[in-house]
Peer 1: 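Mind looking over this structure? Questions follow.
Convention: sequence-line order gives letters A, B, ...; per-chain numbering from 1. This structure is a prediction, so every number in the text was calculated from the model and none was measured.
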Protein chains: 2
Amino acid sequence: MRTRDENKEAAIREKALKMIVKEGFDGFSMQKLARAAGVSPATIYIYYKNREDLLNSLFNEIHKVFIANALENFSPGLSLEKGLWLQWKNRLGFILANPAHFFFLEQFRHSPLINHKDISNSEFKENMKGFCINAIKRGELARMEPEIFWAVAYGPFYSLVKFHLQKKSMMGNDFKITDHKLKQVLKMVLTALKP
Amino acid sequence: MRTRDENKEAAIREKALKMIVKEGFDGFSMQKLARAAGVSPATIYIYYKNREDLLNSLFNEIHKVFIANALENFSPGLSLEKGLWLQWKNRLGFILANPAHFFFLEQFRHSPLINHKDISNSEFKENMKGFCINAIKRGELARMEPEIFWAVAYGPFYSLVKFHLQKKSMMGNDFKITDHKLKQVLKMVLTALKP
DNA sequence: TTTGTAAGTGAACGAACGTTCATTTATCTT
DNA sequence: AAGATAAATGAACGTTCGTTCACTTACAAA
């Protein structure tokens, strides 16, 4: 039998991502994608059941890569400060290196497409759970619901990231994240989380 | 001359909002909208130049209403705690009363449609600026960049809101905001913002 | 070298897309 | 009551949509 041309699938996924980021889900079509990737429309249906399947597959893969990157060098035994800093840096590094991937994830997450899915990564959950328990034991973290922890520990970080990625952020400024600013916010967040 | 039927435009806007929230921008079409609103496709073009104009108009109006609601009873002279609490409560009240409006705003904001626009409300900016200056003078707030203030003061709040609106939030729980939890997070945020 | 089979194709399907247009309808001014 | 005019319409425009299908191509096993 004929062997699959891996370049074809890679081209399909890459062009799909770019098209969605530039034109949104309504500007994205299978025929345009085929043209952009240099394949026949029918070829796409060898790799994916249909349009929705392609979009879901794209989201799943990118989300997995994102989480894996966030957990790089992470261990639940790290101190709250070191662990949080590492995760922030990991995430920021990925986002700045792959802004299109992040735009895609955010666009997907905030669209109705997300309703047909169940996003959750048990490896990630286990890590975070252990991380919190250890921090509480060590007296670095007050006892609180996981969602509240997440909101305080990651909400400010992601707000900063979004300002960074916008041309004009809120006040008309051109805000850019620096290590110094990130450290400044980390200190504030750690103060908030302290028992 | 014949007079405009205001019910028609209201129906168009309402059905457009619902369709977009349920089916996304790619599930939304002018012909489906006309059918849902009980008008002719051509009628929509009396009120809006084209599809993009309709979407922009919808976003502008809803965003304006949202900001106006957030500023209700607000004054830059309020203490940091009172002012922040009021804004959180205003926003939460609106979002819970009009979840579809919030979904629409978020979906639009995270789509490429937002690139063609310039979101900024000078009345809101003036209010926030005065609010911060006063809080700094009073010693309730450390001096910091506006984006950092926003990230710490509103990032956690919006994270909570998003958990509340999801069926299964992160850890598989069914998280719901209560006044008590909101106050708990407010205390944490105020601690972080203190000089 | 033949053969089986999955990969890959271009053309085509009916349906739906955004938008326009000739026409009718309702209301204001006279 | 007549005339003017903008609102409103249904049908239609050409285009593009997601998907399928009959067919060709390339490669592994025989």
Peer 1: Does Lys82(A), at its NZ atom, have more than 12 non-hydrogen atoms belonging to other residues, nucleotides or ligands within less than 6.0 Å?
Peer 2: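 At most 12 heavy atoms, drawn from other residues, nucleotides or ligands, come within 6.0 Å of this atom.
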
Peer 1: Quick check on dG8(C): is either OP1 or OP2 less than 4.0 Å from any side-chain nitrogen or oxygen of Ser40(A)?
Peer 2: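 Checking Ser40(A) against dG8(C): no side-chain N or O falls below 4.0 Å of OP1 or OP2.
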
Peer 1: Quick one: does Trp88(A)'s side chain get under 4.5 Å of Val185(A)'s, heavy atoms only?
Peer 2: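 In contact.
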
Peer 1: Looking at every strand, decide which applies to Phe28(A) at a 4.0 Å heavy-atom threshold: base, sugar-phosphate, or nothing.
Peer 2: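 Sugar-phosphate contact only.
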
Peer 1: What is the distance from NZ of Lys8(B) to C1' of dA6(D), rounded to the nearest Å?
Peer 2: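 After rounding, the gap between these two atoms is 14 Å.
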
Peer 1: Counting only side-chain N and O atoms of Arg2(B), is one of them less than 4.0 Å from OP1 or OP2 of dT5(D)?
Peer 2: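 No.
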
Peer 1: Decide if atom CZ of Arg143(B) counts as having more than 12 heavy atoms of other residues, nucleotides or ligands within a radius under 6.0 Å.
Peer 2: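 No.
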
Peer 1: Toward the 5' end of DNA chain D, which comes first, Lys32(A) or Lys49(A), by nearest nucleotide?
Peer 2: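 With Lys32(A) and Lys49(A) compared, the 5'-side residue is Lys32(A).
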
Peer 1: With respect to the phosphate group of dC17(C), does any side-chain polar atom (N or O) of Ser29(B) fall under 4.0 Å of OP1 or OP2?
Peer 2: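 For dC17(C), OP1 or OP2 has a side-chain N or O of Ser29(B) closer than 4.0 Å.
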
Peer 1: If each of Pro41(A) and Gly38(B) is mapped to the nucleotide of DNA chain D with the nearest heavy atom, which maps nearer the 5' terminus, i.e. the 5' end?
Peer 2: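 Going by which nucleotide is closer to the 5' end, it is Gly38(B).
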
Peer 1: In whole Å, I'd like the distance from the CD1 atom of Ile12(B) to the C1' atom of dA7(D).
Peer 2: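 Taking atom C1' of dA7(D) as the reference, CD1 of Ile12(B) is at 11 Å.
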
Peer 1: dG18(C) P sits how many Å from Arg35(B) CZ, rounded?
Peer 2: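 Atom-to-atom, Arg35(B) to dG18(C), this comes out as 11 Å.
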
Peer 1: Test your reading of the model: is there a side-chain donor-acceptor pair from His164(B) to the backbone of Ile177(B), 3.5 Å cut-off?
Peer 2: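 Between the backbone of Ile177(B) and the side chain of His164(B) there is a qualifying donor-acceptor contact (under 3.5 Å).
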
Peer 1: From the set dT9(D), dA7(C), dA8(D), return the single nucleotide nearest to any side-chain atom of Asp5(B).
Peer 2: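 Out of dT9(D), dA7(C), dA8(D), the nucleotide with an atom closest to Asp5(B)'s side chain is dA8(D).
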
Peer 1: When the distance from OH of Tyr47(B) to P of dT20(C) is rounded to whole Å, what number comes out?
Peer 2: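 Rounded to whole Å, this separation is 18 Å.
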
Peer 1: What is the distance, rounded to the nearest whole Å, between atom CG of Leu33(B) and atom C1' of dA16(C)?
Peer 2: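 My rounded result for the distance is 15 Å.
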
Peer 1: Check every atom of dA28(D), dT19(C), dG18(D) against the side chain of Thr3(A) and return the nucleotide holding the closest atom.
Peer 2: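 Output: dA28(D).
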
Peer 1: Starting at CD of Glu9(B) and ending at P of dA6(D), how long is that distance when rounded to a whole Å?
Peer 2: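 Whole-Å distance recorded here is 18 Å.
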
Peer 1: Please tell me which of Ile44(A) and Gln31(A) maps to the more 5' nucleotide of DNA chain C, matching each residue to the nucleotide holding its nearest heavy atom.
Peer 2: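 Comparing both residues, the 5'-ward one is Ile44(A).
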
Peer 1: Which whole-number value in Å describes the distance from Asp26(B) CG to dC17(C) C1'?
Peer 2: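 Interatomic distance, CG of Asp26(B) to C1' of dC17(C): 13 Å.
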
Peer 1: Picking from dA8(D), dT9(C), dT19(C), which would you name as closest to the side chain of Tyr45(B)?
Peer 2: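 So the nucleotide nearest the side chain must be dT19(C).
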
Peer 1: Hey, any chance Val65(B) and Ile119(B) share a hydrophobic cluster, counting ILVMFWY side chains that come within less than 4.5 Å of each other, even indirectly?
Peer 2: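 Yes.
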
Peer 1: Which nucleotide in the list dT20(D), dG18(C), dT19(D) gets nearest to the side chain of Ala42(A)?
Peer 2: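 From the listed options, dT20(D) comes nearest.
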
Peer 1: When the distance from CD1 of Ile46(B) to C1' of dT25(C) is rounded to whole Å, what number comes out?
Peer 2: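 Atom-to-atom, Ile46(B) to dT25(C), this comes out as 12 Å.
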
